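First comes the structure, then the notes that go with it.
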Amino acid sequence: MQYQFPDNFYWGSASSATQSEGAAFEGGKGENIWDHWFKTEPNRFHHSVPATEASTFYANYKSDIQLMKDIGHNSFRTSISWSRLIPDGTGEVNPEAVDFYNKMINELIVQGVEPFICLFHFDMPMAMQNMGGFESREVLEAYADYAETCFKLFGDRVKYWFTFNEPVVPVEGGYLYDFHYPNVVDFRRAATVAFHTILAHAKAVSRYKAMEQDGQIGIILNLTPSYPRSENEADLKAANICDLMFNRSFLDPAVKGEYPQELMELLKQYEQLPQFEDGDCELIASGKVDMLGINYYQPRRVKARENAVHPDALFMPEWFFDYYEMPGRKMNPHRGWEIYEKGVYDILTNLRENYGNLPCYISENGMGVEGEEKFVKDGQIQDDYRIDFIKEHLKWLHKGIQEGSNCFGYHLWTFIDNWSWSNAYKNRYGFYRLNLTTQARTVKKSGEWYAEVSRNNGFN
Ligand code: BGP
């Protein structure tokens, strides 16, 4: 086998509670920000499709886990819905949710699919948002209690925990760029939410470690590398600031237990630094992860700004850079994102050289395709483009591992085409095609190919 992966390599895919369960108003679940936002602004969602129409995993988890098995999964990541488990965010635990998550986790284990469980994938309970979401320190405490409840309930069987999925995204979407509720545009508040998310993360890690459950805890970060247009000093500076704001703002505290000095100074200079309280630095230092999940879809290419910032413009990360379209870049035309496979290797190399080579895995990588039905032939999606996409990324991943990177798995986003926030079902990513009318699942060509890769633990 030309590309052979290490023994016990994890092959699988990822999804999240809100994006797959459906049953948003069933089983005693409380409202989360997505349920609420849809009620008030349905037009913000592609074709006005809400999370209630997510792909029925709540009802069909058992047969879905069989489908995972059919395509060779030995692992699967999903999340627990905080508002399903604790409908008000704090207090009473919902017994129906405990029952569902127990059955789902047990079924995964019985089928030989290792559960990777994330505690927060963009879905803040509405009751917690009403208290200020992560702007409020009370909510941090509630999150830590929720995390501990999960460890107590499921930690005897779940050995791979993740505190957050892409924690920078709710900051960007909810507090800077208006694509998540609560649609605030305010850098200082965004910085506070980011900072408090790290405090919440650290609290969960400390509580987990104190319980000595013999598992590992990490965080999932979208480590989109920032590539400068050129080696010109001004372009390098632009890329460095991007890296500080979008990557190192979470990577450094999670792995090293402290913020980069450069980032602190930059925020201080522009009067955007969040309020630190006594004990915060010690808390962050105690939140170092055992392992890291890496989400990687596309690179971020930037250059020095071409124009001065308007004197009335709101303070934004874009004060320091312009986006750059590299001539000749390879595109996924069906999603409008660049494809740059080497990015995965660059991330691994950076972790190896600058972050102690901690254990990590690719927790999301994938290719969204709008209008994928046009690739149906003989009843099956012929997604050769997705096979190529995965293969080319795996080759770079393999090279990273050969050079010593500590990578233990690869998960595709996603298992069955799922509902994706305000994009709803616009972009399809799954190994299985979902028929939105009948909820039927049909394996795509990539699913069959992946089954072979997983069985052979590699490919030629
Ligand atoms: C990632 C998120 C997923 C997801 C995916 C696809 O950033 O972790 O939750 O939905 O992106 O996004 P989209 O459907 O917008 O292409």
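Since this is a predicted model, take the numbers as computed values, not measurements. In each ligand, atom 1 is the first atom listed, and ligand 1 is the first ligand listed.
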Should you measure from each heavy atom of H121, which atoms of ligand 1 turn up under 4.0 Å away? 3 (C), 8 (O), 9 (O)

What atoms of ligand 1 come closer than 4.0 angstrom to any heavy atom of E364? 1 (C), 2 (C), 3 (C), 8 (O)

Aromatic ring pairing Y429/Y297, orientation class (parallel under 30°, perpendicular over 60°, tilted between): perpendicular

Show me which atoms of ligand 1 lie under 4.0 Å from any heavy atom of R335. 13 (P), 15 (O), 16 (O)

For K426 and ligand 1, answer yes if some heavy atom of the residue is under 4.0 Å from a ligand atom, otherwise no. no

Closest protein heavy atom to atom 16 (O) of ligand 1, given as residue, atom name and distance to 0.1 Å: Y429 OH, 2.3 Å

Atom 3 (C) of ligand 1 [closest protein heavy-atom partner, distance rounded to 0.1 Å]: W413 CZ2, 3.5 Å

How far is atom 7 (O) of ligand 1 from its nearest protein heavy atom, and which residue and atom name does that atom have? E166 OE1, 2.7 Å

Does ligand 1 come near enough to W337 that some N or O of the ligand is less than 3.5 Å from an N or O of the residue? no

Which ligand 1 atoms, with their elements, are less than 4.0 angstrom from a heavy-atom of S420? 4 (C), 6 (C), 10 (O), 12 (O), 13 (P), 14 (O), 15 (O)

Which class fits the ring pair Y160 and F408: parallel under 30°, tilted 30 to 60°, perpendicular over 60°? tilted

So is N222 in contact with ligand 1, going by heavy-atom distances below 4.0 Å? no

CG of L267 to OH of Y259, rounded to nearest 0.5 Å, is 9.5 Å

Would you say that Y432 contacts D417 through its side chain, given a criterion of any heavy-atom pair below 4.5 Å between the two side chains? no

Please state which part of T414 comes within less than 4.0 Å of ligand 1, counting heavy atoms only: side chain, backbone, both or neither. neither

Cation-aromatic face contact R84/Y58, 6.0 Å, 45 degrees: yes

Can you name the atoms of ligand 1, numbered from 1 with element, that are less than 4.0 Å from a heavy atom of W421? 9 (O), 10 (O)

Starting from the C-alpha separation in whole Å, work towards a yes-or-no answer on side-chain contact (heavy atoms from CB on, under 4.5 Å) for K445 and R386. CA-CA 9 Å; K445 189 175 175 185; R386 186 170 285 111; over 6 Å; no

Does the side chain of S55 reach to within under 4.5 Å of the side chain of Q439, using non-hydrogen atoms? yes

Starting from atom 11 (O) of ligand 1, which protein heavy atom do you reach first, and at what distance in Å? Y297 OH, 3.9 Å

Going by the order shown, which atoms of ligand 1 are within less than 4.0 Å of some heavy atom of N423? 13 (P), 15 (O)

E166 vs E364 side-chain heavy atoms within contact, under 4.5 Å: yes

Can you tell me which residue among F122, F120, F195 is in a ring pair (Phe, Tyr, Trp, His ring centres under 6.0 Å) with F134? F120

